[in-house]
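Counting starts at 1 for both ligands and their atoms, in listed order.
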Amino acid sequence: MKETEFSKPLDLKQIEVTDVFWKKEMELIRTEVIPYQWEALNDRVEGAAPSFCMRNFKVAGKLTRQRQKDANYPKSIEIDWKEFEYLPEKEGTLEEKFYGFVFQDSDFAKWIEAVAYSLTQHPDPSLEKIADEAIQIVCQAQQPNGYLDTFYIINDMSKVFTNLRDHHELYCFGHLTEGAVAYYNATGKDALLQAAKRYADYIDQVFGMEEGKGKGYPGHEIAEMALMRLYEVTKDEKYLNLSAFFINQRGQRPYYFDQERGIEENKTEQRYAYHQAHLPVREQKEAVGHSVRATYLYSGMADLARETKEESLYQACLSLWDNMVNRKMYITGGIGSTHMGEAFTYDYDLPNDTAYAETCASIGLVFFARRLLEIKANGKIADVMEQTLYNGVLSGMALDGKSFFYVNPLEVDPIACQKDDRKKHVKPVRQKWFGCACCPPNLARLISSIGEYAYTQAEQELYIHLYIGANLKVNVQEEELIIKIQSQMPWDGHVTIQVEASKPLKHTVALRIPGWCESYTSNIDQKKEIDYVVKDGYLYLTKEWSASEKIVLDFKMKPRFVYANPKVREDVGKVAVMRGPIVYCLEEVDNGKNLPCIQVDPNDCLIEEQEGTVLTEPVMKLCFMAEQVCTQQKEEALYDTKVKQYEAKKVTMIPYYTWANRGENEMLVWIREKH
Ligand code: FUB
Ligand code: ZN
């Protein structure tokens, strides 16, 4: 790994997103998701599963104050711990009880993070006031020693950090820290950051290599990358070291998760892999276990590898990336093939109709991709990041921003979701909210910080990984380059980039050449003869920029049939359709029922591009002639020897992310191929 190739995301304050496509998504987050989520966090949404999140913080704050005033005030309440062992969701009625999942605190943390990003793009004093008040409520729950997790503050302080495997304290800490750093960066206000630091300092006293400290690590990762962010903003090496400790400790024998239970190693136990704790991280080559946990760990590993320039850790990240995206990823960027443990299964096992493909897992994949790009730009990694964003991530949210998918399948028959237990996790329509509301706020924080994924800066280069329209202020040799990007992605590959310098400035603009385009053209101020180098999927344009110059790029975008590796048993004899980064699907509302009865001959098929809408969303639809099995008028036998007849049928495909916005109906990504 070469330090000269390292880059970092631009500060969101340097970015003004102007992109038609992403601006609309960001506006949905700002105007729909953030206010709705605030109501949900306060249990004010009629008909939605209550969150209990802010309520838990208030109860914890009250207990913290009472315990400070009165040394004899009970430090625990009577609870049946068994109830929390594997099923953390608990209903109760008593005032001073904890409600919801053990990780309910993280709902606030993700919300405040999204608020922070949104404020950088759209200052909003009344939202900021609500956020400041919420932060106050959260900070009041903090213990004098810095501990801050409402589940244990309310239930029993004597048991803190006794169940790292299941109880998510370090997960909630991680989210809290990410939210705190984001809010500080956006507003300069540090109340939450100070709280996160105090909590981190306390954790640092409890865990570490030193004698007497615990040797544990998070059951659900995220603290690793959160601590790296805390280190970045505070420059306090304590946080870097703590992150490194958690990463290095994972998978060491004897297994901490056994030790904390006081049990012997169980050789047949799958749960080590579920937590990515089966091996020390540098020996891990295969993405295993719970897919969100995995991507969060790998993101933390990439952060650490970059910071410490450790080649072996970086190589482990690359192996895990390779296994994940080349053997375990749906074409949509979905990961996690089974709902059992929300997990990866085995190589090339990608069932379409029982897929889990949690929205959070795709988001985690995007986190990991960006971090790998920070270490070394590579077009193939950016391609996956783009494909995941436009498909598996965006499908998580309805076009109006009012409902969400947790699970993102590639084939749906609504009746199966009702009647087949193997598919009950698949919903044919998005839900307003979830008791376990991890995905919607995760979407909110990713979408509202999309600029951090599109552009990164190195000493000599500005990288444009995603063509998202924006005005950027880039610092170069203590001067400023203004870069104005205009693009119609994902519908059109024409991009213009205006570079403005108040005095001549030498810098490289590194432009990703999307893997999906067969050919492209580029020019500066209409001069075709430009000096550039192409490396690892990027076009490096180095020159002395002066006054105002315009780069024009044309990435040829046309529909294409895509085949899966034949080892993907589910997709043998089937094709998917893509255009640019967009994956397409058939929906019943356009094509009638029984979508698996449709077949297409990719070698004899002219795809017509049709500008249109799905509801009010402007999209490019694809239409072509296919065939469909003729169904007889009278009842057909379940099995017979009659050769089936096919009739011509014109079909319409819509972008995958727009499916299930027009009511409950069938959907299909992989279409049967006619030979
Ligand atoms: O455990 C916390 C979050 O809830 C996970 O990241 C999601 O997969 C969901 O299980
Ligand atoms: Zn989720």
Side-chain angles (χ1 to χ4, degrees), residues 33 37 40 49 51-53 84-90 100-111 113-114 149-151 163-176 178-179 217-226 257 271 274-277 287-300 332-345 355-368 388 392-397 403-409 425-427 430-447:
V33 185
Q37 195 191 350
S51 152
F52 305 114
C53 178
F84 288 103
E85 200 49 26
Y86 295 109
L87 189 66
E89 190 177 23
K90 186 173 182 310
F101 283 86
V102 276
F103 47 85
Q104 218 63 9
D105 290 5
S106 64
D107 284 6
F108 157 78
K110 283 189 247 179
W111 176 79
E113 193 179 339
D149 186 293
T150 67
F151 179 78
N163 187 354
L164 291 195
R165 192 187 74 177
D166 300 330
H167 276 188
H168 286 64
E169 283 155 295
L170 294 173
Y171 169 83
C172 290
F173 156 75
H175 270 302
L176 184 86
E178 298 226 311
Y217 43 88
H220 190 314
E221 301 90 328
I222 193 182
E224 300 81 350
M225 59 172 157
F257 297 148
R271 282 188 73 102
Y274 172 82
H275 300 274
Q276 298 75 43
V288 295
H290 185 272
S291 51
V292 182
R293 284 170 163 87
T295 54
Y296 286 10
L297 167 67
Y298 308 155
S299 301
T332 53
I335 49 171
S337 303
T338 174
H339 72 286
M340 307 277 290
E342 310 180 303
F344 293 108
T345 54
Y356 201 67
E358 182 180 340
T359 306
C360 286
S362 291
I363 291 172
L365 183 59
V366 172
F367 292 163
F368 185 29
T388 306
V393 168
L394 279 186
S395 60
M397 184 165 79
S403 56
F404 305 89
F405 274 142
Y406 197 125
V407 168
N408 296 279
H425 59 286
V426 175
K427 303 285 173 236
R430 292 176 183 80
Q431 313 287 290
K432 284 216 77 68
W433 204 249
F434 307 88
C436 169
C438 53
C439 303
N442 229 354
L443 273 167
R445 69 186 183 128
L446 173 65
I447 292 173

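Close contacts of ligand 1 with H168, meaning ligand atoms under 4.0 Å from a residue heavy atom, involve 1 (O), 2 (C). Shown in contact with E342 at under 4.0 Å from a heavy atom are these atoms of ligand 1, numbered in order with element: 7 (C), 8 (O), 9 (C), 10 (O). In the vicinity of C438, heavy-atom distances shorter than 4.0 Å reach the ligand 1 atoms 4 (O), 7 (C), 9 (C). Atoms of ligand 1 lying under 4.0 Å from any heavy atom of E358, numbered from 1 in the order shown and given with element: 7 (C), 8 (O). Within ligand 1, counting atoms from 1 as listed, the ones closer than 4.0 Å to a heavy atom of H220 are 1 (O), 2 (C), 5 (C), 6 (O). Ligand 1 places these atoms under 4.0 Å from at least one heavy atom of C436: 4 (O), 9 (C).
Between F405 and F434, the gap from one ring centroid to the other reaches at least 6.0 Å. Ring pair F103/H220: centre-to-centre distance not below 6.0 Å. For Y274 and H290, the ring centers sit closer than 6.0 Å to each other.
At a cut-off of 2.8 Å, C438 coordinates the Zn ion (ligand 2) through an N, O or S atom.
The N, O or S atom of E358 lying closest to the Zn ion (ligand 2) is OE2.
In terms of modelled atom types and a separation under 3.5 Å, the side chain of S362 and the main chain of G333 share a donor-acceptor contact. At least one donor-acceptor pair closer than 3.5 Å links the side chain of H168 to the backbone N or O of D166. Side-chain N or O atoms of Q37 include one that pairs as donor or acceptor with a backbone N or O of D107 at under 3.5 Å. Side-chain N or O atoms of S299 include one that pairs as donor or acceptor with a backbone N or O of F368 at under 3.5 Å.
The shortest N or O to N or O distance between H290 and ligand 1 is under 3.5 Å.
Counting only non-hydrogen atoms, the option in Y356, Y171, Y406 that gets closest to atom 9 (C) of ligand 1 is Y406.
For the residue pair Y406/E342, the side-chain donor-acceptor check at 3.5 Å is satisfied.
At the Zn ion (ligand 2), the vertex angle linking SG of C439 with SG of C360 is 110° (nearest 10 degrees).
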